[in-house]
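Following: one structure in structure tokens, then a few remarks.
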Number of protein chains: 2
Amino acid sequence: MRRATVYDVAERAGVSIATVSFTYRQPNRVRESTRRKVLAAARELDYIPSANARGLAKGRTGVLGLYSFDLLLEHPLGQGNPASDVGLKSDVDSDLDGAEPNIRAYPLYVDEVQRGFELECWHQGQAVLLSSSDDGKRGESITDLAGRVDGLALFSWGESPEALKRLAKTIPVVMLSQSKGDLPVMYLSFDNESGMNRIVDHLVDVHGARRIVFIGTLDFPEVGVRLDIVKRRVHKRGLPACRPIDAVLDHRVLYQALAHVVREDKLPDALVCANDQMALSVMDVLLDLGIRVPRDVIVTGVDGILAGRFATPALTTVQLYMERLGRLAADSLAERDGQPWKEPRSAMAPARLVVRESCGCHGQAV
Amino acid sequence: MRRATVYDVAERAGVSIATVSFTYRQPNRVRESTRRKVLAAARELDYIPSANARGLAKGRTGVLGLYSFDLLLEHPLGQGNPASDVGLKSDVDSDLDGAEPNIRAYPLYVDEVQRGFELECWHQGQAVLLSSSDDGKRGESITDLAGRVDGLALFSWGESPEALKRLAKTIPVVMLSQSKGDLPVMYLSFDNESGMNRIVDHLVDVHGARRIVFIGTLDFPEVGVRLDIVKRRVHKRGLPACRPIDAVLDHRVLYQALAHVVREDKLPDALVCANDQMALSVMDVLLDLGIRVPRDVIVTGVDGILAGRFATPALTTVQLYMERLGRLAADSLAERDGQPWKEPRSAMAPARLVVRESCGCHGQAV
DNA sequence: CTTTAGAATCTAAGCGCATAGACTATAAAC
DNA sequence: GTTTATAGTCTATGCGCTTAGATTCTAAAG
């Protein structure tokens, strides 16, 4: 049984297909009585307009696309959970054990950005098309997605810059969490500058800190950016230069690094961590080392994850407004109405200092 | 500048448009050398196939749809946060304060189901179209969504049953978290039966419980279902009939209800709660009442939220595999390839007993 | 060199809608 | 009664692709 089309509805209502179309798209051009006839016919035939045909005719789809990371299986909810990655078929009960999600990852960066993107799209009356690929067909699936939408937001870009350049000539593209570049796309990132500056200022102004050490996995671009900002601010405030510690999220490695610092009796006033997960790990290690936070040393993070609120002491951090980033992306794309940018553009989502206990304050907002 | 089409590519490559199409869709029908010519031309012209035109020609979109709740603004991440609901324009800093997310809601039901849906779609090479509505245009936006996809999953249905019936005649529809009904759709729910039975059996067999009381907001359909199962099992095991307590997630109300029970000296062996949030609240109240869990009374939940793991004592519960529910939905829809179901169907996602401390065990899985 | 099966390519039609521009009905103005 | 402006409706076309069926090319067999 074929789906009903405008032709069926038109015939049944005794009008032309144009009138059917107008009934939906420009109702005020159709006489009230006619409109009712058409809608009745449509209801009787279970008519649902084909978005494909509409999109083809209008040259616009009314959909914005978001391309997620490939490795979504590394999501903390799916991690190591056989139920997650074996597909649906091996449905036996014994598959259902597995690692429980890692609370230190909530709320997840990607998910929050995605949520903001969705909300803003709906607010604008656009639908959201999500895509990703779990096998190697990344390039193909991005192209496929691009063919379906009026604008595209990407979390990362693994292919050649030429391919992205070509894509960006055809539809508007937003690069999420990349602060700048020279392709004609919209680069969206967080306001790391003001966030990190506010941390340093707070440490100096309120807590009189002088020796500030930065800890992070330095080969992550975002981390490098934050380090540079801290360095500059520390210098501007007339403090001794900020030494970075290059570390990874591994208890043993962190332990050695920090034990070294302690042994040398060079404990700084504050350990500014590149993100909250690092900060929480650092606090774990300091606990093991018998060093009290914030009394012996201040610890701060960046991100604003849930676990930071419930840590002891509660983590002072820079809250990044992930949802805002997503909304910005959707809003920017919707505004273009399918027109690619001609020049590189960039914008930032806000970052805000949240003062809790790990700096020595008692949880007031600043 | 118009987007390139098959015609442009065909002309540039010196072939017909059919050959261009074959190059992408049936590459083995095209000679290697020709294929290369075509792909080169396509690259030079930044050609991206129009999914609209393809969908129109093939009568299939390759997209599955998920319609979320209307009130996504009630999401715990957005709750009360002005940054969330005022739209993007009022971008001043002072907007950024607001309630912090409620940890007791994680991981959120909807999000996990959605995630499963996405993963399974990608696994099947389908894109995912999400939609929702923040104003009153629910009906329209569902129809719009339906016109864009080969299959549709719905969290709930607020409109008339007739409208849903009509929808279900046109494309395959999955109703999430509704166990049965008589429309020709796929009803998907959790295996409450085996989950609740296992709880009761565990309480009886391992902890020798006899007096079991069920607590929940009884006018939620899901809660009613669970209560009935517990009642039946309790009866089957030869225990005294299971009394339900109708309660809401409000500390004061819960306090009064439980204080009453305590005053009457009728504390049961176990309080089986309809879900984890209720269980956590019950444990809060019991603490206030000076009643120890699990020594004085056993408490159990249903859901498997994160907060249950970190509660003291850790919550014994029935873990519902939300992601599985989402995967099931996507898988069922993909299988239909656009063909609506003719008869009502139903399926269940697994539910599994997770034994932790609140029943008196020490965290072993069962 | 001719025949012929099969591979490669092409021609032509149609998918369901939107909309410009043509046409008709209606009503107000003359 | 005629003219004219306007609202209402229709005809006709094109959006970019897929694919059945027609046509042409290729190469092995005779």
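We name chains A, B, ... by the order of the sequence lines, and we start the count at 1 in each one. Note that this is a predicted model, so its numbers are computed, not measured. Values below: all heavy atoms of this structure, side chains included; hydrogens, waters and symmetry mates excluded.
Under a 4.0 Å N-O distance rule, the pair B:Asp8/B:Arg2 qualifies as a salt bridge. Salt bridge B:Asp144/B:Arg148: present, at least one basic N to carboxylate O contact under 4.0 Å. Here A:Glu32 pairs with A:Arg35 in a salt bridge; the nearest charged N to carboxylate O distance falls below 4.0 Å.
As a whole-Å value, the separation of A:Arg35 CZ from D:dA7 P is 15 Å. If you measure from atom CZ of A:Arg31 to atom C1' of C:dA27, you get 12 Å, rounded to the nearest angstrom. What separates CD of B:Gln26 from C1' of D:dT19 is a distance of 8 Å, to the nearest Å. Atom pair A:Arg148:CZ and D:dG16:P shows a separation of 17 Å (rounding to whole Å applied). What separates CG of A:Asn28 from C1' of D:dA7 is a distance of 11 Å, to the nearest Å.
Under 4.0 angstrom from either OP1 or OP2 of D:dT9 there lies at least one side-chain N or O belonging to A:Thr34. For B:Arg25 and D:dT18, the shortest distance from a side-chain N or O to OP1 or OP2 is below 4.0 Å. In terms of phosphate contacts, A:Thr5 brings no side-chain nitrogen or oxygen within less than 4.0 Å of OP1 or OP2 of C:dG16. A sub-4.0 Å separation between OP1 or OP2 of D:dC10 and a side-chain N or O of A:Thr19 is present.
Residues satisfying the ring pair (Phe, Tyr, Trp, His ring centres under 6.0 Å) criterion with A:Tyr24, sequence neighbours excluded, are A:Tyr47.
Looking at B:Tyr24, its side chain has no donor and acceptor atom pair within 3.5 Å of the base of D:dC17. A donor-acceptor contact under 3.5 Å is formed by the side chain of A:Arg29 with the base of D:dT9. Between the side chain of A:Tyr7 and the base of C:dC17, at least one donor-acceptor pair of N or O atoms lies under 3.5 Å.
Atom CE of A:Met175 is separated from atom CG of A:Leu183 by 8.0 Å, given to the nearest 0.5 angstrom.
Side-chain N/O atoms of B:Asp46 and A:Thr170 include no donor and acceptor closer than 3.5 Å. Checked by atom type, the side-chain pair A:Tyr67/A:Ser156 shows no donor-acceptor distance below 3.5 Å.
Counting non-hydrogen atoms under 4.0 angstrom, B:Tyr47 reaches the backbone sugars and phosphates but no base. Residue B:Arg3 is out of contact with every strand shown, counting any heavy-atom pair closer than 4.0 Å. As judged by a 4.0 angstrom heavy-atom cut-off over every strand, B:Val30 is placed among residues touching the sugar-phosphate backbone only. Among the heavy atoms of the strands lying under 4.0 Å from A:Ser50 are primed sugar atoms or P, OP1, OP2 only; no base atom is included. Heavy atoms of B:Val20 sit nowhere under 4.0 angstrom from any nucleic acid atom.
Along DNA chain C, the nucleotide nearest to A:Ala18 and the one nearest to B:Ser16 differ in position, and the one closer to the 5' end is contacted by B:Ser16. Two residues, A:Ile17 and A:Glu32, neighbour DNA chain D, and the one matched to the more 5' nucleotide by heavy-atom proximity is A:Glu32.
Counting only distance, with no hydrogens or angles, the side chain of A:Thr34 and the backbone of A:Val30 share no donor-acceptor pair below 3.5 Å.
Contacts between residues 51-61 of chain B and DNA chain D, counted as heavy-atom distances below 4.0 Å, involve B:Ala53, B:Arg54, B:Ala57, B:Lys58.
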